[in-house]
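Here's the structure we're looking at; comments come further down.
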Amino acid sequence: MCLHFSTTMPLSTQSQAQDEQYVLVASLDNARNLSNILKAISFKDHAIFSATTNGLKVTVEDSKCLQANAFIQAEIFQEFTIREDLVGFQVTLTVLLDCLNIFGGSTAPGVSTALRMCYRGYGYPLTLFLEEGGVVTVCKIKTQEPEEPIDFEFCSSNVTNKVILQSESLKEAFSELDMTSEVLQITMSPSQPYFRLSTFGNSGNAHYDYPKDSDMMELFRCTKTQINRYKMSLLKPTTKALALSCKVSVRIDNRGILSLQYMVRNDDGQICFVEYYCCPDEETDDE
Amino acid sequence: MKFRGKIVDIACLNHFSRVITTISKLTKTCILRLTPDNLFFVLCGKVANGGVSMWCELSQANFFDEYQMEGMNPEDNEICLEVAPENMSRALKTVQNAKVVKVKLTKKHCPCLTIVAELPTLSSVSRVVTHDIPVDVIPRRLWHEFKEPTVPDFDVSIYLPPLKTMKNVVDRMKNLSNFLQVIEANLNGEMNLKIETDLVSVTTHFKDLGNPPWGDGASQGSSSSQSRDPEAMAEARVDIRRLQQFLMGQQVNPSKAMCNIVHEKVVHLILLHDDMSLQYFIPAVV
């Protein structure tokens, strides 16, 4: 499918000359390949967009302790043209999502919204051209100066424990989590209980154990016993990304910082990644 | 004053029920006018309902197997009632399986529209259900307020896009907007819906909609319609909630749907179904 905006656009904004004014142009035949993954990280109003020749990274942060990143590689897009090394801007994510779903976000087979996302640079709005069934909607979303995302300085060499699980197994646990517990405790160890999720709520303590030889465990690499607690309110949003994913990697580094990486398959079977970084809860001191 | 009607066909009952449900989604109360040939549901534009007005016309023969009405006197052979359509809708939903439904004007503790139906049960004895819907009788001297609206001197008349698409778009626009929506259209079959706030502007372009041929009889703007630039847009800025309300209420696709725009004054929506017609006027916000 090819978007012929140049002939159908009544605003005549899509001439070749105009195109050269954009520092970023990204097109998708199916806007859901962007909107679904953005929904998975939409726990805060603002999102920082960062584009390079590799593709698009969208970051959402909460109270300096939680950061979500969605990666959509350039190959996912039908067109991805960038005229600078790095293009960055910030938009209100809820507004962007409403625009991407302007035609109602129908999940009917064969019906999809085509998207062309254009950005002229600092001070300009983010322009979206959306088309479904011959009807075109143009959205201009005000952009802000992008905030600098936090660098958690998380690197593989400092990872103490790592597991990769099939999402199925975690989905059940996360849907049943005792929300009256202020924290989610994660235990990772080379010995029993190997990988354990614990809550301490009004109904008592609950533990979910995943043995290292379980079918669901695709990779088990734990070197040292670590027990860390994370605020439940911070981890709750990760459930959206978990729901979309087929696999998740859980890593904790030597400072107790948690990295969750979700492998997400889009409508066309292509792989995208969503990752979350979360700082451990410092308030409660384990004896 | 007398009114008795009987519906025996389940399809007619269904359609009647659907019409009333549509009306109930548009307004909490309205006027029901009964004449020998028709039923009209009327809402006249008042500040309280955001100035919108509505005119819904049904031909009684399309629904009723038996229909008898008698006004106050032969010269004023009409009955005018104020009713809450939601009450009628609920009552009709409970009798949707009935073989026969009777509607009549009665006087219980107050004037009522009474709906009586026999419902089938598992045993041989049927169950009779009666609903008394309180109504207010509108006196003759006020009838002039509820006359059929004239088609306004519009600048552009255009067929509406598929209502479902319009509804999807308007729903999202309402989330984004500060309640104001611009509707504009031209004689080239193009219609745009727009919202604009500090954060975002969204415009949806509908094309190839077609313009209804009203002919010389009806008004076509200040007699310059022949020379009106087909590209020129007539626009009106309206309260998006009114438009959303109108679209939410539509349960079935009409056979014809059109929109007349009087530039910066009013949006006049007309839906024609096989068995009823509905007109809805949304005033422009100054």
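Since we're looking at a predicted model, the values are computed, not measured. Excluded from the calculations below are hydrogen atoms, water molecules and symmetry mates; all remaining heavy atoms, backbone and side chain alike, are included. Naming convention: chains lettered A, B, ... in sequence-line order (proteins, then strands); numbering from 1 in each chain.
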Do any of residues 171-178 of chain B have a heavy atom less than 4.5 Å from a heavy atom of chain A, and if so, which, in residue order?
B:R172, B:M173, B:N175, B:L176
Count the heavy atoms of every other residue, nucleotide or ligand shown that sit under 6.0 Å from CD of B:E231, and state whether that count exceeds 12.
yes
Which heavy-atom pair separates A:F103 from B:N168 by the least distance, and what is that distance?
O-ND2, 3.3 Å
Straight-line distance of A:L96 CG to B:L199 CG, nearest 0.5 Å
12.0 Å
Counting heavy atoms not belonging to A:Y124, are there more than 12 under 6.0 Å from its OH?
no
Partners passing side chain to side chain donor-acceptor pair (under 3.5 Å) against A:E84 (at least two apart in sequence or in another chain):
none
Which donor-acceptor pairs under 3.5 Å do the side chains of residues 66-75 of chain A make with protein atoms, sequence neighbours left out?
residue: A:Q67; atom: OE1; partner: A:N69; partner atom: ND2; Å: 3.0
residue: A:Q67; atom: NE2; partner: A:E61; partner atom: OE2; Å: 2.7
residue: A:Q67; atom: NE2; partner: A:I150; partner atom: O; Å: 2.9
residue: A:N69; atom: OD1; partner: A:T59; partner atom: OG1; Å: 2.7
residue: A:N69; atom: ND2; partner: A:E275; partner atom: OE2; Å: 3.3
residue: A:Q73; atom: NE2; partner: A:I271; partner atom: O; Å: 3.3

Does some side-chain heavy atom of B:V200 sit less than 4.5 Å from a side-chain heavy atom of A:K140?
no
Criterion side-chain contact (heavy atoms from CB on, under 4.5 Å) on B:T204 and A:V135, from CA distance to verdict:
CA-CA 7 Å; B:T204 296; A:V135 181; 3.5 Å; yes
With a cut-off of 6.0 Å (strictly less than), are more than 12 heavy atoms of other residues, nucleotides or ligands near NZ of A:K142?
no
Determine the minimum heavy-atom distance between A:C139 and B:V202, stating which atoms define it.
SG-CG1, 3.8 Å
For B:E184, the salt bridge (Lys or Arg N to Asp or Glu O under 4.0 Å) test, sequence neighbours excluded, returns B:K194
Around B:R18, counting heavy atoms of other residues, nucleotides and ligands shown, do more than 12 lie under 6.0 Å from its CZ?
yes
Residue part contacting chain A, namely of B:D198, when any heavy atom lies under 4.5 Å
backbone
